[in-house]
Amino acid sequence: MTSPAAHPDLLLLTRPGCHLCERARAVLERIRSDLGTPWREQSIEGDADLTSRFGEEIPVLLIDGIQRDFWQLDEARIRRLLRA
């Protein structure tokens, strides 16, 4: 017997005061509501490594640790990735 597949790990990297981050949160909330896929958020503020890697691309969406989108999240593309 196989166990049900776990949800992929969706991590949204943000920073305080980011207007694009607000839009990204709304996209992920719609997806969570429709598909039941949870997501989590982490600020890059105070993390030198994350700021160095992603500081110019915030917000950034990582799915299972792989960068999949940044700046303005493409909701249709994310849904396709999650359904695959």
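Atoms considered below: every heavy atom in the structure, side chains included; atoms not considered: hydrogens, waters and symmetry mates.
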Residue pair [X] / [Y], side-chain heavy-atom distance below 4.5 Å:
X: Arg68; Y: Ile78; answer: no
X: Leu13; Y: Pro59; answer: no
X: Ile63; Y: Asp9; answer: no
X: Leu61; Y: Gln67; answer: no
X: Leu10; Y: Leu62; answer: no
X: His7; Y: Leu82; answer: no
X: Thr14; Y: Val60; answer: no
X: Ile44; Y: Arg53; answer: no

For the residue pair [X] and [Y], what are the closest heavy atoms and their distance?
X: Ile58; Y: Cys18; answer: CG2-SG, 4.0 Å
X: Asp47; Y: Gln42; answer: OD2-NE2, 4.2 Å
X: Glu57; Y: Phe70; answer: O-CB, 3.3 Å

(message) Is there a path of hydrophobic side-chain contacts, each under 4.5 Å between heavy atoms, that joins Leu12 and Leu81?
(response)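 Leu12 and Leu81: one cluster.
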(message) Using the salt bridge (charged side-chain N to carboxylate O under 4.0 Å, His left out) definition, which of the options Arg80, Arg32, Arg30 pairs with Glu75?
(response)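 Going through the options one by one, the only one that passes is Arg30.
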(request) Supply the atom-to-atom distance Leu20 CG to Trp71 CH2, rounded to the nearest 0.5 angstrom. (result)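 Rounded to the nearest 0.5 Å, the CG-CH2 separation comes out at 9.5 Å.
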(request) Find the distance between CZ (Arg79) and OG1 (Thr37) and round it off to the nearest 0.5 Å. (result)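 So the CZ of Arg79 and the OG1 of Thr37 are separated by 9.0 Å.
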(message) Other residues, nucleotides and ligands only: do more than 12 of their heavy atoms fall within 6.0 Å of CD on Glu45?
(response)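 Open.
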